Amino acid sequence: MKSPDFTVDRRTLLSGLAGATSMLGGSRAAAQTKPAPPPSGDRRGKPGPRNLITDVSGITVGQADSPAVRTGVTVIVPDKESTAAVDVRGGGPGTRETDALDTYNLVHAVDAIVLSGGSVYGLAAADGVCTWLGANNRGYSAMAMPGVPKSPIVPAAILFDLPNGGDKNWGLEPPYRALGIRAVQNASQTFALGTAGAGYGAGAGSLKGGTGSASVVTFDGMTVGAIVAVNSLGSVIGPDGKGFWAAPFEMNNEFGGLAPPAARIGADDWGSSKASPAARQNTTIACVATDVELTPDEMKRVVMMAQDGLPRAIRPIHSPFDGDVVFGISTGKRPAPEPRAFTVARIGALAADTLTRAVARGVFEATNPPGAKTQTWKSLRG
């Protein structure tokens, strides 16, 4: 007897979810609108006009780096205090103010998010960003009082780039506070990829790492973006050549247009990963964003889903030697389409795919800092 066909297309799934939501929600669900089906033709969405996280309305990015130290800072700045969440997966993270984003605590929103090189020293970059924002009257204030400055909420995560050959003899004056101030002052809708910002001194496996970003705009107008500093233990390419693990998610040949690596990979074959892993010396840190208005709990689900973009682009990931962290921001510029739970699922899936693309773009665009001789992706043969 022929087995029944349980295949269901996306249009049917959308319709069924809307119907189930209506039955469960009673009169409240009656006011919900059925999600619009995608138009015929290409349903995949497309990159935003810049193909950067700043395609999300309300987001700017600033970067600063030091060629002498071979390090840098990236700051993501929403135009107003915005709902945020964080998900930490790596075994050796370095973070600041991530507890403030837990929904059982008082503040669930941010004034900026900082990604920085420099290991523990890089956490001082958030001090510089906080100082600049406070001086510009940005920050949290439970009760306005004359002469009492606001308290900017600036979570941060760092990566380890100390042994990359730059001058780290900074004594009592590490450069990160000053780099943080420069970065937030530089915030705009355009910024450099590759060897820039937090990814300036990074390494992606045995290749030069970097800062990557990407965006997608859906058929119904939602925008999702990602930015990442790739400093991973794992490899972003397969062991059989030059193809990115992220290749199936590429849009418009944004990182070379090569075919994916071979379908069958050996169980312990990590390709061009770092040869000598060490605790806290490898980290991929990122931020995703959307213009859809989400609650803190909904944003938390989005960043949890977004983390799945990293194992699609890096192998292995989330190891004891990595400090992988993903932040997320909702700028709330557009309402969430009903049913909300399905919209959250869509945004989370889009964030994961977009983060996958951002990882590859960061390594694809990376070049060597002055005097460095790390192998870059573009120097590979094939």
Side-chain angles (χ1 to χ4, degrees), residues 47-56 59-78 112-118 122 125 128-129 132 156-159 161 164 166 175-176 178-204 207-215 225-232 236 244 246 250-256 283-289 313 327 329 354-372 374-379:
R50 304 176 193 88
N51 199 16
L52 300 172
I53 192 174
T54 49
D55 289 323
V56 175
I59 294 288
T60 56
V61 168
Q63 299 196 113
D65 39 64
S66 170
V69 184
R70 292 186 186 169
T71 193
V73 171
T74 297
V75 57
I76 302 96
V77 187
I113 288 173
V114 171
L115 311 177
S116 179
V129 174
W132 188 89
I158 48 91
L159 58 80
D161 59 4
N164 62 11
Y176 295 98
L179 286 171
I181 292 174
R182 279 175 48 200
V184 71
Q185 288 174 332
N186 290 338
S188 70
Q189 293 184 323
T190 59
F191 56 94
L193 300 183
T195 304
Y200 188 94
L207 299 177
K208 177 70 182 73
T211 297
S213 189
S215 70
I227 188 169
V228 61
V230 189
N231 188 58
S232 56
V236 298
F244 286 103
E250 185 174 14
M251 292 185 172
N252 301 339
N253 294 333
E254 61 195 341
F255 42 86
T283 293
T284 299
I285 48 180
C287 181
V288 298
F327 294 101
I329 295 176
T354 307
L355 181 53
T356 297
R357 294 164 48 215
V359 168
R361 291 195 80 199
V363 179
F364 175 75
E365 297 289 353
T367 57
N368 270 315
T374 305
Q375 188 172 42
T376 65
W377 183 86
K378 290 182 178 178
S379 71

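For clarity, every value in this text was computed on a predicted model and none was experimentally measured.
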For this session: Please assess Val114 against Val73 for the test side-chain contact (heavy atoms from CB on, under 4.5 Å), listing each intermediate value before the final yes or no.
Result: CA-CA 7 Å; Val114 171; Val73 171; 4.1 Å; yes
Problem set entry | Whether Thr60 side chain and Ala187 backbone form a donor-acceptor pair below 3.5 Å | no
Problem set entry | Expected output: side-chain Thr195 to main-chain Asn368 donor-acceptor under 3.5 Å | no
Problem set entry | Donor-acceptor pair, side chain of Thr74 and main chain of Ala198, under 3.5 angstrom | yes
For this session: Might you work through the side-chain contact (heavy atoms from CB on, under 4.5 Å) test for Val61 and Ile227, ending with a clear yes or no?
Result: CA-CA 9 Å; Val61 168; Ile227 188 169; 4.0 Å; yes
Problem set entry | Main-chain N/O of Asn51 paired with Arg361 side-chain donor or acceptor, under 3.5 Å | yes
Exercise. Can you tell me how far the CD atom of Gln189 sits from the CG atom of Asp55, to the nearest 0.5 Å?
Worked result: 8.5 Å
Exercise. With distance as the sole test, does Glu250 use its side chain to make a donor-acceptor pair with the main-chain N or O of Gly256 at under 3.5 Å?
Worked result: yes
Problem set entry | N/O donor-acceptor pair under 3.5 Å between Arg70 side chain and Asn164 backbone | yes
Exercise. Ignoring hydrogens and geometry, is there a side-chain-to-backbone donor-acceptor pair from Lys208 to Phe364 under 3.5 Å?
Worked result: no
Problem set entry | Backbone N/O of Gly199 and side chain of Thr211: donor-acceptor pair under 3.5 Å | yes
Problem set entry | Side chain proximity check, Thr354 to Ile53, heavy atoms < 4.5 angstrom | no
For this session: Could you tell me whether a side-chain N or O of Asn231 sits under 3.5 Å from a main-chain N or O of Thr284, the two making a donor and an acceptor?
Result: no
Exercise. Taking the inter-plane angle between the rings of Phe255 and Phe244 on a 0 to 90° scale, is it parallel (under 30°), tilted (30 to 60°) or perpendicular (over 60°)?
Worked result: perpendicular
For this session: Check whether any side-chain heavy atom of Val56 lies under 4.5 Å from a side-chain heavy atom of Ser215, and answer yes or no.
Result: no
Exercise. Are Thr190 and Thr54 close enough that some pair of their side-chain heavy atoms sits under 4.5 Å apart?
Worked result: no
For this session: Without swapping roles, check the side chain of Gln63 against the backbone of Ala192 for a donor-acceptor pair under 3.5 Å.
Result: yes
For this session: Dump the intermediate steps for side-chain contact (heavy atoms from CB on, under 4.5 Å) on Val69 and Tyr200, then the final yes or no.
Result: CA-CA 10 Å; Val69 184; Tyr200 188 94; over 6 Å; no
